[in-house]
2 protein chains.
Amino acid sequence: MFLDSLRADPAYNEEDIDCYIHVNETIQAIGGRWKMLILWHLQEGGRRYNELRRLIPGVSQKMLTQQLKELEQDGLVERTVFPEMPPRVEYRMTDYGRTLEPIFDIMYEWGVRHRARKQGE
Amino acid sequence: MFLDSLRADPAYNEEDIDCYIHVNETIQAIGGRWKMLILWHLQEGGRRYNELRRLIPGVSQKMLTQQLKELEQDGLVERTVFPEMPPRVEYRMTDYGRTLEPIFDIMYEWGVRHRARKQGE
DNA sequence: CCGCATCCCCAATGATACTG
DNA sequence: CAGTATCATTGGGGATGCGG
């Protein structure tokens, strides 16, 4: 991906963007268009697939599935299939996912101030 | 934009995604593909336009200009033109931009652990 | 009910050429 | 030096239909 192309460039300085790499890692994990909405709704407890669809108006099946899969691969969300008929799938936040909470908090605070600042202009 | 469409939907619950709105505000401000690299290089002091181009291999003139403009509009970066010949333009981080530092720090820490975790799989 | 596969579109990004 | 203007590209995301 993108970072690989940076690494391939001889002008690239590893130390210079060590910060970038890791901060970006975090942005990748939570920066998806629907990921924060999903995580937000999973904070309180487990949710079913269609339940999430209703809670997040505007999200397509494809995107919901895709972003849930990425969150699962990152270990932030856990997927449980109940072998029933009709099928039932529940998603819930992992303990690891909850390590994001301080980040959410601080980004929320900054966002509030930033928004207020933009209004005041 | 996107949030407006959410608001227009009757199923939308204001409280539910208040968090999302503000966290997303932050992501918009720093989530651009080159923004963190730019901010990173401006931490130490002022940089000229072409200096930044060299420091950030892979960025096109268009993107560098565009992202710098957004950072400037958000009040994170300051642009100074020196009326000389040849022209000289310096970019530097504002005090407001430095309020992002705690966010960078915590995202950096999380990114390091997240990366290590992915390696270990 | 919970998806996956397919096609399609557009906005973000890139490449290239030109200018005060 | 520090950009602007224009055209080409591409991949993120939406719409639709099918399958276990």
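Residue numbers start from 1 in every chain, and the chains themselves are labelled A, B, ... in the order their sequence lines are given, proteins ahead of strands. The analysis underlying the following values was restricted to heavy atoms, covering all of them including side chains, and did not include hydrogens, waters or symmetry mates. In this text, all values refer to a predicted model and were calculated from it rather than measured experimentally.
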Query raised in the report: Heavy-atom distance under 4.5 Å between the side chains of A:Val23 and B:Ile103, does that happen here?
Result: no
Query raised in the report: Taking side chain as C-beta onward, heavy atoms only, is B:Arg54 less than 4.5 Å from B:Glu51?
Result: yes
Query raised in the report: How is A:Phe82 classified with respect to the nucleic acid when contacts are heavy atoms under 4.0 Å: base, sugar-phosphate, or nothing?
Result: nothing
Query raised in the report: Once you round it to whole Å, what is the distance between C1' of C:dC2 and NZ of A:Lys69?
Result: 11 Å
Query raised in the report: Separation of A:Ile56 atom CD1 from C:dC2 atom P, in whole Å?
Result: 14 Å
Requested in this report: In whole angstrom, give the distance that lies between atom CG of B:Leu64 and atom P of C:dG14.
Outcome: 11 Å
**Report entry** Validation row: A:Glu70, A:Lys35 side chains within 4.5 angstrom (heavy atoms)
**Finding:** yes
Query raised in the report: Is any side-chain nitrogen or oxygen of B:Arg88 closer than 4.0 Å to OP1 or OP2 of D:dA2?
Result: no
**Report entry** N/O donor-acceptor pair under 3.5 Å between B:Arg47 side chain and B:His41 backbone
**Finding:** yes
Report summary line: Computed from five pairs at either end and rounded to 10 degrees, the angle between the axes of the helix from C:dC1-D:dG20 to C:dG20-D:dC1 is 50°
Query raised in the report: C:dC2, C:dG3, D:dG3: which one has an atom nearest the side-chain heavy atoms of A:Arg79?
Result: C:dG3
Query - Rounded distance (Å) that lies between atom C1' of C:dC1 and atom OH of A:Tyr91 - result: 11 Å
Report summary line: A:Glu70 atom CD is separated from C:dG3 atom P, nearest whole Å, by 15 Å
Query raised in the report: Between B:Arg53 (CZ) and D:dC1 (P), how many Å, whole number?
Result: 10 Å
**Report entry** Residue pair A:Tyr91 / A:Ile38, side-chain heavy-atom distance below 4.5 Å
**Finding:** no
Requested in this report: Whole angstrom is fine here: how far is it from CD in B:Glu51 over to P in D:dC1?
Outcome: 11 Å
Requested in this report: Among residues two or more places apart or on two chains, list those pairs meeting salt bridge (Lys or Arg N to Asp or Glu O under 4.0 Å) that have a residue in residues 94-106 of chain A.
Outcome: A:Arg98-A:Glu101
Query raised in the report: Any idea which of C:dC2, C:dC4, D:dG3 is nearest the A:Thr65 side chain?
Result: C:dC4
Report task. Specify the separation, in whole Å, of atom CG of B:Leu52 and atom C1' of D:dC1. Result -> 13 Å
Report summary line: To the nearest 0.5 Å, atom CG of B:Leu71 lies from atom CD1 of B:Ile30 at 10.5 Å
Report summary line: Its contact letters, B for base, S for sugar-phosphate only and - for none at protein heavy atoms under 4.0 Å, make nucleotides 6-20 of chain D read B------BBB-B--B
Requested in this report: Check the angle between the aromatic planes of B:Tyr96 and A:Trp110 and answer parallel, tilted or perpendicular using the 30° and 60° thresholds.
Outcome: parallel
Report task. Quick one: pull up NE2 in B:His114 and NE2 in A:His22 and give me the separation to the nearest 0.5 Å. Result -> 12.0 Å
